[in-house]
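Structure first, then comments.
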Protein chains: 2
Amino acid sequence: MNIGEASNATGVSAKMIRYYESIGLIRAPLRTGSNYRVYGEDEVHVLRFVKRARTLGFSVEETATLLGLWQDKTRASAEVKEVATSHIEALETKIAELQGMVKTLKHLAHCCGGDNRPDCPILDDLAGEHPTTKGH
Amino acid sequence: MNIGEASNATGVSAKMIRYYESIGLIRAPLRTGSNYRVYGEDEVHVLRFVKRARTLGFSVEETATLLGLWQDKTRASAEVKEVATSHIEALETKIAELQGMVKTLKHLAHCCGGDNRPDCPILDDLAGEHPTTKGH
DNA sequence: CCTTGACCTTCCCATCATTGGAACCTTTAT
DNA sequence: ATAAAGGTTCCAATGATGGGAAGGTCAAGG
């Protein structure tokens, strides 16, 4: 299997496969006589693991940790749970931040007539003037 | 007011002030004889506007649009509302994605004993094997 | 046999927003 | 006079990915 087929089989672009190899996330595969990378079932499995972890929002570094734990036969599941749990916390913090932004923006947009008058509470808020958002 | 004072007054780092100037987000200020940037009330006001917009998650490009609308006396508040509303939508999409990740991860962590057995449903899921998550 | 097109290789550049640092100059305070 | 603190420019790095150029390789069809 060459890199294009491995890419199709895993959903990881050929570019990214080479990149993951270059940063040491995955091991360099064998090469053909004409220097093409050759992938087998094991490599595809690893790539799918990486793809899934990235889809779940793990950073490449976290993915490397999880991959190490996955391939370590003596690993403790507690360690994995810890990585996952701290990732959940980070995600929830991010979500709360985004929700705060949305709340503020919705409030501003609600106060904004959306008509053609030049008064605009959104711009006023951004500018640090709060006359129109008081008492709401 | 030099760049350090402007930075303290606005919470925008001196580095970023120079950067915003270099990309044309803000105008180049006057200079002293010794080539120091000089900032006045207007410039500080602009920087605060930028800071607030960035804090609310607007990209630098969106911030530039908002800044333009703010400084345009003939602007329509409808335009501003449109920028804000589409930004809200983008944020909500992002939130939904993150919530999906959290849900999956919580499910996996819940199924994970967190003890020292090498079996780990989280890793099994990442690897694409779903025997332990079935029927839950 | 030769061409064409699809695929592979490496290498460099761009993105987005921000930070860090080097090398050097200016101002202020001791 | 000197040292500290601040300014200036320029270059590089981050994280993850995409784009593309220049060139080698393979398969199918004429």
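Please read these numbers as outputs of a predicted model, since none were measured by experiment. A, B, ... follow the sequence lines: proteins, then strands. Residue 1 opens every chain.
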Return the polar atom pairs (N/O with N/O) between nucleotides 3-7 of chain C and the protein under 3.5 Å, or none.
residue, atom, partner, partner atom, Å
C:dC7, O2, A:Tyr36, OH, 3.4

Under 3.5 Å, which N/O atoms of the protein pair with N/O atoms of nucleotides 14-16 of chain D?
residue, atom, partner, partner atom, Å
D:dA16, OP1, A:Val60, N, 3.1
D:dA16, O3', A:Arg54, NH2, 2.9

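Summary of helix geometry: the two end axes of the helix from C:dC1-D:dG30 to C:dT30-D:dA1, each defined by five base pairs via their C1' atoms, are inclined to each other by 30° (rounded to 10°).
A heavy atom lying under 4.0 Å from DNA chain D marks none of the residues of residues 82-104 of chain B.
Of the charged side-chain nitrogens involved, at least one lies within less than 4.0 Å of a carboxylate oxygen, so that A:Arg37 and A:Glu21 count as a salt-bridged pair.
Other residues, nucleotides and ligands place no more than 12 heavy atoms under 6.0 Å from the CD atom of B:Glu61. In B:Arg27, the CZ atom is not crowded: 12 or fewer heavy atoms of neighbouring residues, nucleotides or ligands sit closer than 6.0 Å.
Considering only side-chain N and O atoms, B:Ser34 lies nowhere under 4.0 angstrom from the phosphate OP1 or OP2 of C:dC25. Contact check, B:Arg37 against C:dT26: no side-chain N or O comes under 4.0 Å of OP1 or OP2.
Taking both residues in full, the closest heavy atoms of B:Val12 and B:Ser7 are given as O-OG, 2.7 Å, listed atom of the first, atom of the second, then distance.
Among residues two or more places apart in sequence or in another chain, the ring-ring contact (aromatic ring centres under 6.0 Å, His included) test is passed with A:Tyr20 by none.
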- Query: Passes side chain to side chain contact (heavy atoms under 4.5 Å, CB included), A:Arg52 versus B:Thr104? Steps please.
  - Reply: CA-CA 11 Å; A:Arg52 175 97 174 115; B:Thr104 302; 3.6 Å; yes
- Item | Worked verdict on B:Leu105 versus A:Phe58 for side chain to side chain contact (heavy atoms under 4.5 Å, CB included) | CA-CA 11 Å; B:Leu105 287 172; A:Phe58 288 99; 3.6 Å; yes
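Under the 3.5 Å distance criterion, the side-chain polar atoms of A:Ser22 are matched with a main-chain donor or acceptor of A:Tyr19.
Nucleic acid contact for B:Ser13: sugar-phosphate only, since backbone atoms but no base atoms lie under 4.0 Å from a heavy atom of the residue. Among the heavy atoms of the strands lying under 4.0 Å from A:Arg18 is at least one base atom, whether or not backbone atoms are also near.
The CD1 atom of B:Ile17 sits 16 Å away from the C1' atom of D:dT9 (whole-angstrom rounding). Distance CE (B:Met1) to P (D:dG7): 12 Å, rounded to an integer number of Å. Put simply, NZ on B:Lys15 is 11 Å from P on C:dA22, counting in whole angstrom units.
Remark: A:Glu79 CD to A:Leu69 CG distance equals 5.0 Å, nearest 0.5 Å.
Between A:Trp70 and A:His45, the two ring planes are perpendicular [angle over 60°; tilted spans 30° to 60°].
The salt bridge (charged side-chain N to carboxylate O under 4.0 Å, His left out) pairs that include a residue from residues 84-112 of chain A are A:Glu92-B:Lys106, A:Lys106-B:Glu92, where partners are two or more places apart or lie in different chains.
Residues A:Glu43 and A:Ile26 are not in side-chain contact: their nearest non-hydrogen atoms beyond the backbone lie 4.5 Å or more apart. Two residues are said to be in side-chain contact when any heavy atoms from C-beta on lie closer than 4.5 Å; B:Tyr39 and B:Glu5 fail this criterion.
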